[in-house]
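A note on names: the letters A, B, ... follow the listed sequences, proteins ahead of strands, and every chain is numbered from 1.
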Amino acid sequence: MRAYDPKEIEPKWQKRWIDDKVFAAHDDSKKEKRYQLETFPYPSAAGLHMGHPKGYAAEDIQARFARMGGGARNGEAAANRKEVLYTMGWDAFGLPTENFAIKVGRNPQDVTNENTENFRRQVRMFGFSYDWDREVNTSKPDYYKWTQWLFLQLFKKGLAYQAAGKVNWCPKDQTVLANEQVVDGHCERCGSVIEERDMTQWFLRITAYADRLLDDLKKLDWPAATLKRQEDWIGRSEGALISFATQGNGGAAKGPIEVFTTRPETIFGATYMVLAPEHPFVASCLADGSLTNAADVAAYVAAAAHKTELMRKEDEKEKTGVELKGVSAVNPATNQPIPVWIADYVLGSYGTGAIMAVPAHDGRDAAFAAKFRLPVVEVIEPETGQAMPNEERRSSIVAIVEDREAGRFLTLDWGPKLGGTLFIGGGRKDGEDEIATALREIKEETGYGQLEFVGRTGRMHHHYFAFSKNVARNIDVVGLHFVLKGREQEGRSLEADEQGRFSIEWLTKEDVLRKMEDENHLLCFRRLVLGEIYAGRGILAGSAAFTGRDSEAAKWDIVQAVRGTRKTQYRIRDWSVSRQRYWGVPIPIIHCERDGAVPVPESDLPVVLPPIDDYRPKGMPPLASSPAFINVKCPVCGGDAKRDAETLDTFVDSSWYFLRYADPRNERRIFDPDKAAHWLPVDLYVIGAEHTVLHLLYSRFVTKFLHDEGLVPFDEPFSVLRHQGLILAADGRKMSKSLGNVVNPDEIVGEFGADTTRLYLMFMGPFEDSTPWDPKGILGVERFLKRFWNYVVTMIGLLSHEPHDQAATEGPKRPVIHKTIKKVGEDIVSFKFNTAISALMIMLNELTEMVTTDDGEDDRIAMTDRKDLEAIVKLVHPFAPHMGQELWSMLGHADGSYLDFEPWPAYDEALVVDRTVKLVLQVNGKVRDTVEADASVTEEQAKDLALRNPNVARAMAGAAPKRVIYVDKKIVNIVI
RNA sequence: GCCCGGGUGGCGGAACGGUUUACGCAGAGGACUUAAAAUCCUUGACCCGCAAGGGUUUGUGGGUUCGAAUCCCACCCCGGGCACCA
């Protein structure tokens with residue numbers, strides 16, 4: 001028998017697939033289209049990582065399955081066969097290659113060409129079913145011409161603009177770095193501490209699309225976590241802009257300061273305001289001499305300007321700031337003057353760069369106020385519980401007694417019916433002050449009397465039902481905090497209805513948080529002991545006409561009262577795309593003294609990236625030192641002008657590549673809109689979980705822009721997205737060169753072949769989970785493939801000896817094959833490749849099981865015919881396509897018959913269900929026995945079987961069944 | 001600190017209201033072989049028991065249910081992301 005030899009069959013089919021253009025996607029096909037986008041790799045010098053083929057194998061399974069019409073209703077595969085656009089390309093521009101080239105003293109172009117060749121070879125050895133005629137490469141002029149064109153369209157619409165902005169500057173490499181290249185404030189490459197520099201940069205106005213980028217997330221079939229991260233990244237918040245008048249020394253009016261707030265309802269508690277150090281008001285105060293502490297302020301501003309991101313992190317969020325002495329602002333709600341501070345916890349780049357500080361209801365303001373002893377005014381009284389009709393009103397206290405030596409808190413356990421664990425509470429008597437009430441209650445209920453009062457909350461509101469008194473209550477509560485000074489207990493005097501109803505417990509902080517359920521008592525604890533501030537809703541207090549109203553309900557009325565305006569604010573910033581490096585797309589702009597930034601005429605595109613002598617960054621873009629490139633005539637006035645010497649962020653290159661695949665060789669347009677409309681949006685995009693924001697957000701932005709330009713009818717590029725988990729090293733850590741634990745795809749494929757490698761990648765665990773590479777684990781799937789091969793080849797040999805009456809057989813006969821067809825099809829659809837493969841293994845195990853034949857011989861060649869074999873070969877094909885195709889040929893299919901275009905097998909429902917069922921017999925939910933029963937078993941029969949079972953009888957020990965639960969054909973549970 | 005994931009045999013994992021540990025790896029025993037590799041068969045959570053059988057077990061503690069790995073609450077641990085966004 002012919003042995004399984006992947007080294008022979010894999011290169012053979014790979015060559016045929018490419019030479020015969022088997023997987024070419026036809027624009028004019030009558031079949032329904034399916035577009036599967038593969039994350040195009042960055043061709044690094046390190047070569048392919050095992051993570052690449054993991055994602056690719058999953059897509060290849062889906063692509064081949066779709067071509068076979070899989071996923072349709074059973075039996076309708078033939079009509080469901082898809083025309084699949086499935087492609088590969090190279091994200092070939094970028095900094096790592098440039099750095100590598102500089103290090104080894106070579107040209108980035110040559111290095112990229114070599115890396116790309118190597119990647120192409122590696123990808124091809126896996127046998128993925130790509131249409132290789134659609135390959136794209138972002139570093140080729142025929143591609144980046146259109147990247148430049150895209151930039152110019154954005155420029156024309158005002159969506160690409162130049163502005164001064166902060167950049168990450170590496171002092172050693174003399175260059176700007178992308179945020180991704182800054183790791184913990186250090187240069188990813190040389191480890192230098194990154195400086196912040198202000199430079200004029202190109203930006204793309206992605207913020208103009210913030211609302212649509214957020215709102216359209218709901219159209220997408222993407223992992224929930226990724227949608228959430230996009231939402232957080234965009235960071236929309238609804239609030240108000242409110243103007244605060246200011247005045248200088250002697251009451252001279254100065255310009256107003258506008259703040260952005262999401263909590264305008266707290267404005268009566270705004271006791272000071274804070275500006276970012278770079279706020280223009282600060283500079284104007286310094287300039288007009290209105291400050292009495294100008295030197296301190298100037299020093300703080302200067303220090304803040306030099307603070308890097310790293311330094312701010314090291315500050316551990318310790319608040320710093322300086323008051324602008326000599327000026328003040330006026331709270332428009334209270335008309336009271338309030339001090340103005342500057343502090344770097346307020347960001348110049350968000351909102352208006354100025355805030356109103358409400359230390360009573362904001363944690364950051366609270367920390368700042370505590371440090372600089374600024375006044376705190378509570379204006380929201382927390383409200384807990386649910387309001388009920390006919391509430392009795394009362395004034396109460398909650399007393400927290402702390403034993404500081406023991407680190408415990410005094411609680412009363414009232415049992416589950418009366419509220420569980422509570423602090424000491426009680427109602428106030430007429431004329432009694434709150435502290436007196438608390439001391440009295442503590443003494444009455446616990447006998448403790450030596451107490452020191454250390455703090456209190458403001459008033460709170462709580463709705464509850466007092467079961468002991470059978471009455472609904474709406475109470476005013478004040479939380480009071482005492483420290484125990486002596487442990488003697490004397491003079492307890494319980495009311496009659498309290499006698500024996502509770503027990504005293506001293507709990508640790510953790511136990512209080514664990515056991516206490518009462519919202520109001522817990523809130524007292526959080527505020528008094530944990531020092532938390534209250535940032536929720538409640539009843540307004542100290543808020544003039546608004547006092548007593550619900551804080552949320554009054555929010556916009558207050559905005560109106562202080563003449564503020566509603567405002568939506570976003571966290572997302574415009575996309576910085578300038579890179580002062582060489583290996584990227586030249587920005588197609590010409591700078592002219594007279595005409596400013598002038599776009600390169602479209603007829604002059606592409607602006608070709610020229611080879612230069614020295615690629616090393618020297619504080620200015622390498623292209624700037626190439627006079628032949630830089631010096632041009634202005635397209636408008638014809639005078640001397642200079643080209644922009646910067647290159648585009650490579651994320652721009654990748655923000656539209658999926659569109660180019662629809663029409664990759666078009667020389668006249670970025671793509672033919674009809675072709676894009678035909679193939680897109682993408683029906684499946686498999687991408688690493690690390691790409692949850694940037695690339696996906698940028699691609700969505702560009703798609704929306706092109707939609708607005710009328711080039712595409714859709715406004716979301718990727719309808720369905722799935723993430724792949726990492727392949728970890730055998731030690732469970734990330735694979736990395738420095739740890740020396742990298743698994744090399746060349747070695748693995750060389751040793752086991754592509755089919756085995758692919759199958760193992762899919763079998764390791766759930767697709768979206770990270771799983772360690774087990775060098776022994778791959779042996780399991782290798783054995784499976786060999787056994788599968790041997791089985792099919794043996795059977796083919798037998799078939800040729802004694803031809804069955806093939807015509808008479810409609811489909812496969814053996815039930816296990818029908819079950820597997822169903823299971824594998826469902827699992828592929830739901831990305832459960834590991835269990836699909838497991839089902840294939842189970843099927844093979846059953847097919848090759850020893851059976852005893854009529855003449856008493858042990859035999860593992862069970863009855864199987866050609867239909868069976870064809871079906872199981874089809875099932876394996878998406879996973880191990882070289883083997884699938886080879887066996888298909890050996891089954892006698894003509895040369896040129898590609899299994900990928902054969903219909904996915906159908907199954908017979910009747911054969912999927914078992915003829916016998918296993919009944920689990922339980923007594924009180926515990927398994928006592930299992931019995932086999934015919935699948936037609938009725939409830940009565942099943943119960944009868946259970947009651948007559950000896951194990952069941954023993955467990956029942958003569959007791960009578962109270963109840964018998966029956967789960968159809970599964971369980972009989974006798975409750976006694 | 002906040003937001004997502006996730007804790008099941010020696011290992012990767014399966015089951016996501018109904019027999020916990022499918023499938024695979026590793027282990028143990030056996031067959032074939034001069035031997036090894038390969039292949040095939042048997043076995044396979046833990047404790048008690050010769051066995052029949054019984055008990056325990058899905059991070060911990062509670063709850064709901066006839067029945068919980070699965071649903072709810074609290075806590076612990078691991079991984080990832082964000083990190084003063086007013």
Can you figure out which of U39(B), A14(B), A86(B) approaches the side chain of Thr261(A) most closely?
A86(B)
Selection from U19(B), G53(B), A14(B) that lies nearest to any side-chain heavy atom of Thr930(A)
U19(B)
What's Asn973(A) touching, base or sugar-phosphate or nothing? Going by heavy atoms closer than 4.0 Å.
base
By nearest nucleotide on RNA chain B, pick out whichever of Phe763(A) and Ser770(A) is the more 5' one.
Ser770(A)
Check whether any side-chain nitrogen or oxygen of Arg783(A) sits under 4.0 Å from OP1 or OP2 of C40(B), and answer yes or no.
no
Which nucleotide in G12(B), U19(B), G18(B) has an atom nearest any side-chain atom of Pro772(A)
G12(B)
Have a look at Thr692(A) and say if it touches a base, only the backbone sugar-phosphate, or nothing, with a 4.0 Å heavy-atom cut-off.
nothing
Interatomic distance, CH2@Trp233(A) vs NZ@Lys228(A), rounded to 0.5 Å, equals 14.0 Å
Check this one for me: any side-chain N or O of Arg571(A) less than 4.0 Å away from OP1 or OP2 of A83(B)?
yes
Can you tell me how far P in C71(B) sits from the matching atom in U19(B), rounded to whole Å?
15 Å
Of the nucleotides C23(B), C82(B), U19(B), which has the atom closest to the Met841(A) side chain?
C23(B)
Between G7(B) and C16(B), how many Å separate the two P atoms, rounded to a whole number?
14 Å
Tell me which nucleotide among A15(B), C66(B), U19(B) gets nearest to the side chain of Thr835(A).
A15(B)
Going by the salt bridge (Lys or Arg N to Asp or Glu O under 4.0 Å) test, which pairs reach into residues 820-844 of chain A, not counting sequence neighbours?
Lys822(A)-Glu826(A), Lys823(A)-Asp827(A)
Knowing that exactly one of Thr261(A), Val559(A), Val358(A), Ile242(A) qualifies, which makes a side chain to side chain contact (heavy atoms under 4.5 Å, CB included) with Ile267(A)?
Ile242(A)
Look at the side chain of Ile355(A) and decide which nucleotide, out of C23(B), G18(B), A86(B), has an atom nearest to it.
A86(B)
What nucleotide among G24(B), C66(B), C4(B) has an atom nearest to a side-chain atom of Ala225(A)?
C4(B)
Taking the side chain of Lys970(A) as heavy atoms from C-beta outward, which of G18(B), A22(B), G55(B) is closest to it?
G18(B)
For the side chain of Arg229(A), starting at C-beta, report the closest nucleotide among U19(B), A14(B), G81(B).
G81(B)
Nucleotide of G54(B), C84(B), C3(B) approaching Tyr345(A) most closely (side-chain heavy atoms):
C84(B)
